[in-house]
Structure formats: C-alpha cells, structure tokens
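Report on one structure; see the data block that follows.
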Amino acid sequence: MMPLLSIHSVHKTYRLGRVPVPVLHGVSLSVEPGEFIAILGASGSGKSTLLHLMGGLDRPDAEPRGRIEFQGRDVTTMASGELDGYRNNAIGFVFQFYHLLPEFTVTRNVLLGAMIRHGVLAYMGRRADLHSRAKELLEKVGLSHRLTHRPQELSGGERQRVAIARALMNDPPLLLADEPTGNLDHETGGKIMDSLLALRRERKLTLVVVTHDAEIARRADRVVRLLDGRVA
Amino acid sequence: MYQLALTYRYLFSKVMPLLAAVGVALCTLMVLVTWSVMSGFLGMLINTGRTLVGDVSVGWPGAGFAYYDELIVDLEKDPLVEAACPMIETFGSITPPDARPRGVLIRGVEGASYARVTQFADTLWWKPVDEPLPKDKARMDPRLDGLGKAAWSEIYKNGLSLTRPDPRTGAAMPAIVPGIHVTGLNRRYIEGYYKPLLIERRQSTGKSEWIDAFLPLDPDLPVVVTVFPIDSMGRPYEAYSRNLPVANEFQSGVYEFDQSIVLMNIDSLQEMLKMKEGLRVVDAPAAPSAQPHGESFAGAPPPATVRDPARVTNVLVKGRGDMSDPARARALRERVQEIYDRFAARHNGEVPSAADIEFVTWEEQNATFINAVRTERTLLLVLFMIISFTAVLLVLAIFWAMVREKTQDIGVLRSLGAGRGGVAWLWVCYGLAIGLVGSTVGLIGSYLIITNINPIHDWLGKQLGLVIWDPKVYYFTVIPNRVEPLDAGVVFVCGILACGLGAFIPALRAAWMNPVAALRNE
Ligand SMILES: Nc1ncnc2c1ncn2[C@@H]1O[C@H](COP(=O)(O)OP(=O)(O)OP(=O)(O)O)[C@@H](O)[C@H]1O
Ligand SMILES: [Mg+2]
C-alpha cells in the first residue's frame, strides 16, 4: 500500500543573517494512511520545522534536495498556488496556541478554511451546507453551545477544540498537530486527545502529533524521535 | 470570501482605521466643497461675463470702420446669427457731481439693438422689483417700494433707451448708463442692494451743500463725460466734454465691468467722437497751411473733400441658440469672419480687411479674468490633492501597524491555504472599504454643506462675525451651492482608490511574509 506521505532525506537550514543554522539533515519518514504518529524530541530538535515542511507551510532546502510526497505527488516542487491548495484541502493544522481569529465567532473560525477555498458566490451558494457542517464538527468536539461566542470568551481547552474543528472543516486526510495539549493541564489535554482519537476513528484520519507528553506517545501507533536533525 | 468577511469584521472592531476613514472623509469633503464652490463661482463669472459682450465681437478699435449697417444686415441674414448691433468703444473720463473724475471705458450703443444682442436689459439695476434679494430678509432694497412702481418703471425705460426726458420740454435727451460702481455714489450693502449716498457738493463760492446722489432721478446732477476723438485716419482731435444726465445704472455681475464701463447713446458718442457721417477735407499736397486737425482756413481755395460715412469700432453678434459652449461660440466666430470677408471684398479699400479686424468670442474677450479664476481653481485643487495625499499616508501608516499586529492571523490564514494574492487582496479590500466609508461620509457631508452653504455662512457671520464670502470682494451675494454629479463621482472614486493605494504597500508586506515566521510571531 502506498504511504499517504513519504519523506525522503529532507534537509532544512535556516539562516540567521549570513550564518546558516542547519536544523534538519536528511530526515526520512513514511506515514501510512490512518496511522497515528507521535513525534518526540528535545526542544529545538526541529519537530515544528518538520511538521511545517510536511504541511507545505515551508519549503525544504533545495540542496541537497529531498522529497516530500503526498499520495505520490512531490510537494516540494509545487508552485505556490498549488501548495496553497494542498494546505487547504489535504492538510489540517492544529497549533499549540490555538491561533483563532479574535474577530470571528467560533462558527466563523471553523468556517475559515471553507471561506478560503471558495469565492464569494460559491461560498454563498453552499452557505447552508457549510454552516451545518461547521455546526456538526463543533458538536463532535462538544461545543454546540458556544457557536456565537468569541474565542476570548472560551477556555484554553475549548479554544483548542475549535481549532481542531477548524482543521477538519475541509475534510483533510492528514491532520498535523504541534503540541496540541502543550498549553493545557493534564486532564484537559487528555480529553482533547480523546476527541482527536475519536474523530480519527470516525474519519479514518491520519494523525501526526508533535508532543512532549509521554502519555500521548503511549497512545500512538508509532513514535518517531528526532535527534540531531535526524530520525533516531 | 474570507477577505469580505474579515474586512467586514475589521471595519467595525478597529478604531484606528476608522480614524483613517474620518481623515479620508475630511479630505473628500474639503476637495469637493472647494471644487464645487469654485466651479460654481467660475460658472457664475463666465455667465455674467457674457452679459454685456455678445457672443462674438467684430472690432476695429480706434478709428472704427464704416458701412457697419450693411454688415449688420448681412450678419442677420445668416441662420447662425440671431441679432447684431453696432457699438463704439473708447476711453474717456467722467466727472460725477462729487467732482472726482475717473477714467472709464465708454461704450456707445443703441439701446434696443444692444438689448437684443446682450442681456443689457437684465443688467439695468434701477427697476421695479417685487421679490427682495435672497439675503434681504428685512426688505431694505429701495427698489421694493421707495419711489413707487411707476417711477421705477420710468427709470427702467430711460435706461433701456439711454435717454432722459427733458424736465422742461419732456423731449428725450441723450443720457448715460454707467456701471453701478462707476460713480462711487452707490453704497452696496451686504445683503446685495444699493442705496445712493449723500454727497457734499462744493461750489466755487466756497460754500457746500449736501445732496442725495441718486443720479437717475435728480435732474440737476449731470455727469461730465469727456472723450478723445480721433479721425478715420487715427489722428487725434482735442478732447471733447459734455454734460449728460444719468438714465439708469447697470450691474453686470463682474466688478471690473461695473466700475469701469459707461454706456451711452451711440448717436451722441459718434457726434462727440466725430464718427458721424460727414465731409472731410483732403489735404492737398501743395497746401502747407492745412491743419492737422482737418480744418481749413476761410478764404483759401475750396479744398478737396470726401464724404466719410459713419463709423463704429465694434459690431456685436448674438448667435442663435445656446452659445455658452465656447466651441459653438468659436464656430460662430468663423462664420462671422466669412461674412465679414465678403463684406470687405465689396468695400475693397473702404473698410479694414478681415485679416486686420479682431474677431473674438465672449470667452476670448473675458479670457483674462476667466483664466484667472480657472487658474485659481486648479491651484486650489492641486493644493488639496497634495493635502489629500496625507490621507493616503495615514492609511499606509495605520495599515502598516495593523499588518504588524495581525501578523499571526496572516500566518493562520496561510496555514489554512490562503495564497499570497488572497492575503494582499484582504488588505487592499480593507483599505478600499475604509475609503468607501470615508468617501461616502465625505460625500454626504459635502453635499449637506454645499447645499446649505449660504445658511451656514450666515450663521457663522452672526455667531462669530466671520464673513468668509465677503460680497464686497466676491461680488455675488450668494455662494454657489451646486454639486456637479460628475465631479462628486470623480472625487468619490478617487477617495476610495487613494485608500486602496495606501493599503497596497502594507498588503504587499503581508503577502510576502513567511507564513512560518508569521505564526511564530509573538
Ligand atoms: N526562522 C528561523 N531562523 C533561524 N532559526 C530558526 C528559525 N526557526 C526555527 N529556528 C531554529 O530551528 C531550530 C528548530 O526549531 P523548531 O521550532 O523546529 O524546534 P522544536 O523541535 O519545535 O522545538 P520546541 O519543542 O521547543 O517547539 C531551533 O533551534 C530554532 O532556533
Ligand atoms: Mg515546536
């Protein structure tokens, strides 16, 4: 079976002025469909960097050239417009600090991916469908009573649930979560993971979660450790 | 879609950009109010400037040209021409009863034909009126009653015919119609009406008396008119003065004209200027005693004479239909020129050729003061455009700060699949929305201000003693209060585009942000 995402010898070097800061040197990893992978590693080992590369939010070094293939298509050679589409359709991101838009209500935050996907007319045309889908997702994460609230009015755990619903709006096959429970207490974090895993089962979602939490790592199908810019 | 939704949200949740919108509103308001008032002013000036000049003038200043009656007949046969009339224009001076002489431009016209070609009849000031002037709420205008309707009608009729009835015989005597500011004996009130002054007349005996200086009525207040005749060859005679009564006074609406032009009966002026038909002695080459003044001594051998036809310096032409479009006036001028060409060919050697004659449209005739106001208007506009540029900078600065504040959100949008173009468009869209709000407010505000500009001005005058539109300076009693829809549209669109422009650079900054760096931004 073809892996959902396969990474071959990817390098990433940041530049601080003229000084090159190598972060990833030759990471290879393959993610099977439906798999739940936990990525562990010391702080600064490049976990977030790897996740951003997987999600097409950043590009790996051109030299030495590696490959990141999503369902056989090389993400690293996509034009920027294509990459935008990739992030919009194939990937759902969940961040440690939720990153909700404060001007939007909970529902609108969830709808954001759909708003980005569709133009005004197309969006208006399927407005009712999209709204009921957003509502359904919010129900799944247990927030059906918070639809018209602003993010500022929610607790950290609730905000992260909104972020998860938002990431799933366009029904992506791959969810990338960067320390989704890092900002939450243990109990809340556990509940968030419960919801994520429930959603994963229901949607046959592939899950890649960066974490420092051994508990989460324990629940994963596979644990990948990053050490010195390589998969250990 | 997200651009629209976010713009809408940002619009009502952020104070700073709304301040920018206020700035934009003030700029559009300022530009639109100034432009409208200045354009209205210009329009009024152009219209009033046309009142006494006709649409096209055929001129040969100084000596004048002959057979003008024939030219007028030719002109009036043309379908483009509605009417034509003769006029003599010359410099002279007048000495009103207060004995202070002043230099004037004297125009000899024939009342009836002049009124057909120009709006002379409307400019006559002293006439019966029923409605007070717009600002004359207290009905202080003496023309409203004062002398009574019959007397005012009489004075009006005198003005039209440029005559006054002789107080003893009742026969019509030639009279003058000076501009209302020529004699300096009419006091203009802020409401726009005039009242004659009381003047002190000094007599040679050293005594003096106070008299009411209402010249069109008083039989004993003639004005001394002095002209400087020249013959058909352009040689000067001696100055010629004559006492003439005042029939009426005119107000054309152009201060320049109203303080320097005196209309008088063309026959009298021709006589004074020796432009009437007459015999002229031709200087015999062998007669050294001949005088330059064209007179000859009695007893000399009978001199050779020629018959000089009557002359005028101008023929004024009124076109058929609306000639307020300068292009139409120029077309009329071309036609008049052709007609004159044929006329000159018939009188070869007797009248100046078309190449020498001045053919000018009303616009060319008033070019100096029209251009002055036009330049003023453009200058003001340029100035305000520069000021309005600050609105663009304001938007730029505020949006620059907003993009910085919203960096993380930009990262989020990018992570959800928004492209660079889409993010840039979000900010431009927001800028345009600010512009739309600002320009709309400015447009409504300026419409309200312009249409109520006169009451506002009056109120300011009463409350603060502030008279911006001093009728002594600007001469029109009311401030123009029309908004040209086209101008308003242009200003409106420019206001919106300016904001789009101001938002453009911050938008580019947002678009070129690295999404990962944007997300990491704390
Ligand atoms: N824009 C950048 N310029 C220079 N160096 C960077 C940049 N972004 C990240 N780095 C460096 O790259 C390294 C990896 O960063 P990354 O955020 O991927 O680590 P991480 O494993 O996610 O750490 P943490 O567990 O603390 O989140 C760090 O040493 C960081 O300093
Ligand atoms: Mg990290």
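So you know, we letter chains A, B, ... as the sequences are listed, proteins then strands, and number each from 1. We use all heavy atoms of the structure for the numbers below, so side chains are in, but hydrogens, waters and symmetry mates are not.
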(request) Start with the C-alpha distance between A:L112 and B:Y2, add both sets of side-chain angles, then the distance that settles side-chain contact (heavy atoms from CB on, under 4.5 Å), and finish with yes or no. (result) CA-CA 7 Å; A:L112 203 50; B:Y2 66 101; 4.2 Å; yes

_One pair to check against side-chain contact (heavy atoms from CB on, under 4.5 Å): A:L111 and B:M1. What are the steps and the verdict?_
CA-CA 11 Å; A:L111 283 166; B:M1 172 64 206; over 6 Å; no

As a quick check of understanding, evaluate side-chain contact (heavy atoms from CB on, under 4.5 Å) for A:F104 and B:L6, giving each step before the final call. CA-CA 8 Å; A:F104 277 173; B:L6 261 180; 3.7 Å; yes

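Contacts of A:R117 with chain B are absent, with no heavy-atom separation under 4.5 Å from either backbone or side chain. Heavy atoms closer than 4.5 Å to chain B are found in the side chain of A:M124, but not in its backbone. Residue contact with chain B, scored on non-hydrogen atoms closer than 4.5 Å, is absent for A:Y98. Contacts of A:H52 with chain B are made by side-chain atoms alone, with heavy-atom separations under 4.5 Å and no backbone atom involved.
For A:K135, the NZ atom counts as loosely surrounded, since its 6.0 Å shell holds 12 or fewer non-hydrogen atoms of other residues, nucleotides or ligands. Under a cut-off of 6.0 angstrom, the local environment of CG in A:D228 is sparse, with at most 12 non-hydrogen atoms contributed by other residues, nucleotides or ligands. For B:F384, the CZ atom is densely surrounded, since the number of other residues' heavy atoms within 6.0 Å is greater than 12.
Scanning both residues, B:A5 and A:M115, for their nearest heavy atoms gives CB-SD, 3.8 Å.
Using a 4.5 Å heavy-atom cutoff, the side chains of A:P102 and B:K406 are in contact. Looking at B:L519 and A:H99, their side chains come closer than 4.5 Å, going by heavy atoms from C-beta outward. Two residues are said to be in side-chain contact when any heavy atoms from C-beta on lie closer than 4.5 Å; A:L101 and B:L413 meet this criterion. Proximity of B:V516 to A:S48: side-chain heavy atoms (C-beta onward) are nowhere separated by under 4.5 Å.
Salt-bridge annotation for B:R414 and A:D84: present, with a side-chain N of the basic residue lying under 4.0 Å from a carboxylate O of the acidic one.
Contact tally against chain A (heavy-atom pairs below 4.5 Å) for B:G411, B:A517, B:G421, B:G419: the top residue is B:G419.
Here CZ of B:R520 is found 11.0 Å from CZ of A:F95. Values are rounded to the nearest 0.5 Å. In this structure, B:S415 OG and A:D178 CG are separated by 11.5 Å, a value rounded to the nearest 0.5 Å.
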Show me the side-chain donor-acceptor pairs of residues 434-451 of chain B shorter than 3.5 Å, one per line, residues at least two apart or across chains.
| unit_1 | atom_1 | unit_2 | atom_2 | d |
| --- | --- | --- | --- | --- |
| B:S439 | OG | B:G435 | O | 3.0 |
| B:S439 | OG | B:F492 | O | 3.4 |
| B:T440 | OG1 | B:L436 | O | 2.5 |
| B:S446 | OG | B:G442 | O | 2.8 |
| B:S446 | OG | B:L443 | O | 3.0 |
| B:T451 | OG1 | B:Y447 | O | 2.7 |
| B:T451 | OG1 | B:L448 | O | 3.3 |

